[in-house]
*Asks:* 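Have a look at this one.
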Amino acid sequence: ATLSIVRAWWALSGSVEIQFKGSSTDTHAIRLAGTGKYDGPAISNNATNAGATSGDLESIGASATGFIVLELRKDESFTA
């Protein structure tokens with residue numbers, strides 16, 4: 001199952017880049033700075049590990065402090 005970022009809320013000083021992590025290639029998802037809200041469309045994971053079920057997001061801060069809240073969605077192929 002792949003994860004998508006559906007919505008995000010943040011308040012930061014500095015900036016943060018969120019990436020989908022791949023087995024051989026990482027993909028930029030979104031860069032956040034200041035205060036804001038992202039309300040779609042969903043940002044789909046197209047990294048090389050499209051079947052990963054966990055651990056496929058990374059946040060990279062640049063002198064960042066604050067908070068980030070992400071709403072994630074797994075695709076329909078997910079089974080518990």
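In what follows, residues are counted from 1 in the order of the sequence shown.
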*Asks:* Taking all heavy atoms of T65 and all of S13, pick out the closest pair and write down the distance.
*Replies:*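 Distance-wise, the nearest heavy atoms are OG1-OG, 2.7 Å.
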
*Asks:* For S15 and R31: C-alpha separation, side-chain torsions, deciding distance, then whether side chain to side chain contact (heavy atoms under 4.5 Å, CB included) applies.
*Replies:* CA-CA 7 Å; S15 66; R31 179 175 296 278; 3.5 Å; yes

*Asks:* Looking only at heavy atoms, what is the nearest atom pair of S4 and A42, with distance?
*Replies:*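 That would be CB-CB, 4.3 Å.
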
*Asks:* Might you point out which heavy atoms bring A64 and V16 nearest each other, and give the distance in Å?
*Replies:*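 Looks like CB-CG2, 3.7 Å.
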
*Asks:* For L70 and W9, what are the C-alpha separation, side-chain angles and deciding distance, and is it a side chain to side chain contact (heavy atoms under 4.5 Å, CB included)?
*Replies:* CA-CA 7 Å; L70 297 177; W9 300 264; over 6 Å; no

*Asks:* Determine the minimum heavy-atom distance between L57 and K21, stating which atoms define it.
*Replies:*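 Closest pair (atom of L57, atom of K21, distance): C-CG, 4.1 Å.
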
*Asks:* Verify side chain to side chain contact (heavy atoms under 4.5 Å, CB included) between I5 and E71, making sure each step is shown before the conclusion.
*Replies:* CA-CA 6 Å; I5 299 172; E71 180 181 334; over 6 Å; no

*Asks:* Let me confirm one number: the CD1-NE2 distance from I60 to H28, rounded to the nearest 0.5 Å.
*Replies:* 10.0 Å

*Asks:* Provide the closest heavy-atom pair for I43 versus F20 in the form atom of the first, atom of the second, distance.
*Replies:*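 In this case the closest contact between I43 and F20 is O-CZ, 3.6 Å.
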
*Asks:* Just do the side chain to side chain contact (heavy atoms under 4.5 Å, CB included) check on T35 and W10 with the steps written out, would you?
*Replies:* CA-CA 6 Å; T35 301; W10 66 92; 5.6 Å; no

*Asks:* Can I30 be reached from V6 by stepping across I, L, V, M, F, W or Y side chains whose heavy atoms are under 4.5 Å apart?
*Replies:*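 No.
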
